[in-house]
Q: 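Submitted below is the structure of interest, expressed as structure tokens.
Quantities reported herein were computed from a predicted structural model and do not represent experimental measurements.
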Amino acid sequence: MNNHNWFSESDTGIQLNSLVIYEELYEDILDKINQGHSVEDILKWIEEKAVEVCKENYNNREPTRNSLNNSKGRWNESIALSFFSEIAIEKNKQNTPYFVGI
């Protein structure tokens with residue numbers, strides 16, 4: 001796993017590239033979902049993994065708290081979108097009409 005593109009440095013500190021991290025961990029995330037882990041537990045696992053890799057790559061430095069918080073929001077949205085997509089695909093396979101309200 002090439003995790004050097006997980007981060008970028010800015011004037012305020014180390015920032016996370018949250019979508020890159022999500023894409024690279026996607027298979028593990030799906031495994032955790034299928035094993036029945038809660039979304040909260042999965043988000044905590046992704047955060048811990050990102051901090052661990054950041055420390056390895058940046059001499060024990062951690063990403064900024066703001067970057068972590070923003071990333072957790074994006075990861076949460078990505079997981080929700082993944083669930084929604086799976087439901088939509090299943091419904092289309094069944095060829096059953098359905099309505100999605102907003």
Side-chain angles (χ1 to χ4, degrees):
M1 179 182 320
N2 177 11
N3 50 31
H4 293 287
N5 58 348
W6 284 21
F7 312 99
S8 57
E9 290 196 68
S10 72
D11 293 340
T12 58
I14 302 167
Q15 305 295 314
L16 297 173
N17 297 324
S18 58
L19 295 179
V20 171
I21 294 169
Y22 186 83
E23 288 173 2
E24 290 195 15
L25 295 178
Y26 184 71
E27 293 299 322
D28 293 326
I29 292 166
L30 281 183
D31 287 344
K32 289 184 177 301
I33 290 169
N34 291 332
Q35 293 168 6
H37 292 270
S38 70
V39 172
E40 182 179 347
D41 288 343
I42 295 169
L43 291 173
K44 184 176 180 180
W45 173 78
I46 299 170
E47 179 181 8
E48 289 171 354
K49 184 77 171 167
V51 169
E52 173 189 324
V53 171
C54 183
K55 285 181 171 184
E56 289 171 5
N57 289 338
Y58 290 93
N59 297 321
N60 220 29
R61 291 173 51 207
E62 293 188 13
T64 66
R65 177 52 44 198
N66 285 343
S67 180
L68 281 168
N69 290 339
N70 290 338
S71 294
K72 283 175 73 174
R74 285 189 196 100
W75 296 328
N76 190 35
E77 291 169 354
S78 296
I79 291 170
L81 185 58
S82 295
F83 279 129
F84 178 75
S85 297
E86 286 188 35
I87 292 168
I89 289 168
E90 271 308 305
K91 288 291 186 179
N92 283 330
K93 284 181 185 176
Q94 297 170 2
N95 203 20
T96 306
Y98 63 97
F99 174 76
V100 178
I102 296 178

Q: Transitively linked via ILVMFWY side-chain contacts under 4.5 Å: Tyr26 with Ile79?
A: yes
Q: Nearest 0.5 Å, what's the CG-CD distance between Leu19 and Glu24?
A: 11.5 Å
Q: Is there side-chain contact between Lys49 and Trp6, with at least one heavy-atom pair below 4.5 Å?
A: yes
Q: Does Glu9 CD have over 12 foreign heavy atoms under 6.0 Å away?
A: yes
Q: Could you pull out all residues at least two apart from Lys44 that satisfy side chain to side chain contact (heavy atoms under 4.5 Å, CB included)?
A: Glu48
Q: Could you report the tightest heavy-atom contact between Leu43 and Asn76, atom names first, then the distance?
A: CD2-N, 3.6 Å
Q: Quick check for you: to the nearest 0.5 Å, what is the distance between Leu30 atom CG and Gln35 atom CD?
A: 11.0 Å
Q: Asn66: what forms a side chain to side chain donor-acceptor pair (under 3.5 Å) with it, not counting sequence neighbours?
A: none
Q: So do the side chains of Asn70 and Ser18 get within less than 4.5 Å of each other, counting heavy atoms only?
A: no
Q: Any side-chain heavy atom of Ile14 sitting closer than 4.5 Å to one from Tyr58?
A: yes
Q: To the nearest 0.5 angstrom, please state how far the CG atom of Leu81 sits from the OG atom of Ser78.
A: 7.0 Å
Q: Test of understanding: with side chain to side chain donor-acceptor pair (under 3.5 Å), list the residues that count as partners of Ser8, not counting sequence neighbours.
A: none
Q: Give me the atom names and distance for the closest heavy-atom approach of Ser10 to Gln15.
A: OG-NE2, 3.3 Å
Q: With a 4.5 Å cut-off on side-chain heavy atoms, are Trp75 and Ile21 touching?
A: yes
Q: So, does Asn60 use its side chain to make a donor-acceptor pair with the main chain of Lys55 at under 3.5 Å?
A: no
Q: Could you tell me whether the side chain of Leu68 reaches within less than 4.5 Å of the side chain of Arg65, counting heavy atoms only?
A: yes
Q: Quick one: are Arg74 and Tyr22 in side-chain contact, heavy atoms under 4.5 Å?
A: no
Q: Would you say that Phe7 contacts Val53 through its side chain, given a criterion of any heavy-atom pair below 4.5 Å between the two side chains?
A: yes
Q: Between Ser67 (side chain only) and Pro63 (backbone N and O only), is there a donor and an acceptor less than 3.5 Å apart?
A: no
Q: How long is the straight-line distance from CD1 of Ile42 back to CG of Asp31, given to the nearest 0.5 Å?
A: 10.0 Å
Q: Please report the shortest heavy-atom distance between Gly13 and Thr64, naming the atom on each side.
A: CA-CG2, 3.8 Å
Q: Could you state the interatomic distance from OG (Ser82) to CD (Glu77), rounded to the nearest 0.5 Å?
A: 11.5 Å
Q: Evaluate the side-chain proximity of Ile46 to Asp28: yes if any heavy-atom separation is below 4.5 Å, no if none is.
A: no
